[in-house]
Amino acid sequence: MTIYPDTVAGIANALAKRELSSVEITRHYLDRINALDRQINSYITICEAHALEQARAADRRIASGQGAPLTGVPYAHKDIFCTKGIRTSCGSRMLDNFISPYDATVTEHLNNAGMVLLGKTNMDEFAMGSSNETSFYGPVANPWKFDSVPGGSSGGSAAAVAARLAPCATGTDTGGSIRQPAALCGITGLKPTYGRVSRYGMIAFASSLDQGGPMATNAHDCALLMNVLAGFDAKDSTSVDHPTEDYSATLGHSIKGLKCGVPKQYFDKSLDPAVAASIRQAITELESLGAQCVEVDLPSTELAIPSYYVISSAECSSNMSRYDGVRFGYRCRDPVDLQDMYTRTRGEGFGKETKRRILIGTYALSSGYYDAYYTKAQQIRRIIQQDFKNALAEVDVLLGPTSPTVAFGLGQKSSEPVSMYLSDIYTTAINLAGLPALSMPAGFVDELPVGLQIIGDFFSESKLLQIAHQYQQVTGWHLLAPPLGG
Ligand code: GLN
């Protein structure tokens with residue numbers, strides 16, 4: 001039996017040395033998906049024929065000496081990124097029949113790199129959720145424990161990578177949706193600085209917060225993927241024209257002398273004590289690599305959730321208004337008039353959580369409440385940004401948990417939206433501030449993975465990846481895979 005490499009770097013290396021063809025490695029992943037994904041449900045669409053065609057093209061490109069570093073490497077794509085000719089559902093009935101006429105910029109980058117699209121991954125509807133239970137296509141199982149959630153909204157991407165149904169995946173993060181599922185599934189995920197990765201063709205949830213990024217088993221692979229994803233895009237008006245770098249160039253550098261801040265508010269009563277112990281242990285490990293850790297203050301931590309849920313819902317209500325049954329997506333049957341078409345299309349096409357957010361957002365933006373909610377939330381957003389600015393003036397990065405608990409049970413929080421929202425306590429503030437942050441596996445509690453979060457200043461992605469890589473050189477959490485067979 002052939003043992004296939006299961007990392008991006010390992011696959012790229014085997015392809016470059018011609019030890020393996022892209023068709024062989026693609027076939028291997030498609031076989032695993034066909035054998036195992038029935039139980040996990042991490043893919044909405046499997047692109048078998050398309051993947052094999054891309055793999056053959058990649059093999060020809062490599063043979064002609066024209067291969068790029070990741071040519072022929074398979075990946076899974078969150079179903080929020082538009083893919084020309086392939087359904088892009090965004091986890092919603094509203095887009096169940098939507099075939100995009102164009103590629104997202106991120107998709108174009110992946111295509112130009114010669115990477116192979118295995119399929120489109122399951123996600124919370126329009127990326128609203130923390131458990132992947134709001135998807136029209138059903139929940140995703142956490143590969144470590146099938147009765148637990150994988151996190152959300154990029155739950156399908158995280159579960160697919162953890163279960164080795166793809167060596168890497170794309171995700172998007174509006175308030176934690178790359179980092180939290182990465183933490184709950186035991187993989188590494190990076191939310192880049194706002195504006196670093198193009199949002200063109202990435203279906204909008206809350207435009208001032210949404211950011212795409214890489215998910216993989218380890219930091220090295222995330223760096224290789226960042227090299228493909230990052231870059232200025234004139235088609236995205238919030239894209240930042242800042243030079244990209246080789247994100248893998250400094251991975252090997254020592255972190256001796258690195259100054260780390262540990263926010264004291266991140267270790268209060270909302271944090272599970274066993275998760276806290278794992279995080280403390282990881283911090284000690286980083287200290288043994290030469291990092292200096294001090295306690296810092298982020299006094300506005302508790303304001304992040306209320307401010308985030310007002311701002312993100314307000315932007316959601318505006319972004320969701322385009323789904324009216326006129327131009328694309330779902331349309332109700334036999335409408336009697338225009339009003340009937342709008343109301344029934346939206347009533348039938350959207351799920352419960354999306355409707356809840358539209359209602360919250362529309363209320364917060366209504367003329368009588370605008371100042372009380374939306375303006376106030378924007379003012380708090382500024383205070384949160386200032387808090388990070390103050391803390392990052394003293395230290396290079398901040399360290400803490402990604403999620404207050406390990407993965408919770410499927411169904412456990414689905415009828416309690418506020419308790420679900422509270423699980424985003426450590427992630428949402430970073431999006432409000434526009435900063436980059438990474439989550440990586442740092443232990444286990446009750447046989448479920450714990451994620452350590454590293455938060456940096458604007459455009460410090462290389463540093464975050466370097467710290468994670470150095471940690472992964474001396475620890476083995478990122479090497480563990482759930483025992484699934486196949
Ligand atoms: N859990 C958060 C929410 O439901 C974040 C989602 C995301 O980052 N897309 O809004």
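Atoms within each ligand, like the ligands themselves, are counted from 1 in listed order.
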Quiz item: For ligand 1, is there an atom lying under 4.0 Å from some heavy atom of Y421?
Solution: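 For ligand 1, residue contact (heavy atoms, under 4.0 Å) with Y421 is absent.
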Is it the side chain, the backbone, both or neither of [X] that has a heavy atom closer than 4.0 Å to ligand 1?
X	answer
T174	both
S177	both
F205	side chain

For the 3.5 Å polar cut-off, considering only N or O atoms, please tell me whether [X] and ligand 1 meet it.
X	result
G176	yes
G152	no
D173	no
R357	yes
M128	no
D424	yes

In terms of side-chain geometry, is the basic nitrogen of [X] or [Y] positioned less than 4.0 Å from the acidic oxygen of its partner?
X	Y	result
K191	D173	no
R356	E353	yes
K84	D103	no
K264	D297	yes

Find all atoms of ligand 1 within a distance of less than 4.0 Å from any non-hydrogen atom belonging to [X], and give their numbers and elements.
X	result
S153	9 (N)
G175	5 (C), 7 (C), 8 (O)
G129	1 (N), 2 (C), 3 (C), 4 (O), 6 (C)
Y309	1 (N), 2 (C), 3 (C), 4 (O), 10 (O)
A127	6 (C), 7 (C), 9 (N)

Quiz item: What residue and atom, counting heavy atoms only, is the protein's closest point to atom 10 (O) of ligand 1, and at what distance?
Solution: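 The protein heavy atom lying closest is Y308 OH, 2.6 Å.
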Quiz item: Centre of Y194's six-membered ring, under 6.0 Å away, within 45 degrees of the axis: is that where NZ or CZ of R199 sits?
Solution: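 No, a cation-pi geometry is absent between R199 and Y194.
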Practice problem: Fit a plane to each ring of F126 and F350, take the angle between them on a 0 to 90° scale, and name the class: parallel (under 30°), tilted (30 to 60°) or perpendicular (over 60°). | Solution: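 F126 vs F350 ring planes: perpendicular.
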Practice problem: Assign the ring pair Y200 / Y102 to parallel, tilted or perpendicular, where the plane angle (0 to 90°) is split at 30° and 60°. | Solution: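 Rings of Y200 and Y102: tilted, 30 to 60°.
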Quiz item: Of the options S153, C316, S177, C90, which is the one that meets F205 in a side-chain contact (heavy atoms from CB on, under 4.5 Å)?
Solution: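 The side-chain contact (heavy atoms from CB on, under 4.5 Å) with F205 is passed solely by C316 among S153, C316, S177, C90.
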Quiz prompt | Nearest-0.5 Å distance that lies between atom CG in L448 and atom OG in S148 | solution =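 Reported value, rounded in 0.5 Å steps: 5.0 Å.
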Quiz prompt | Among T45, D96, D79, N41, side-chain hydrogen bond (donor to acceptor under 3.5 Å, both in side chains) partner for Y137 | solution =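 Exactly one pass, corresponding to D96.
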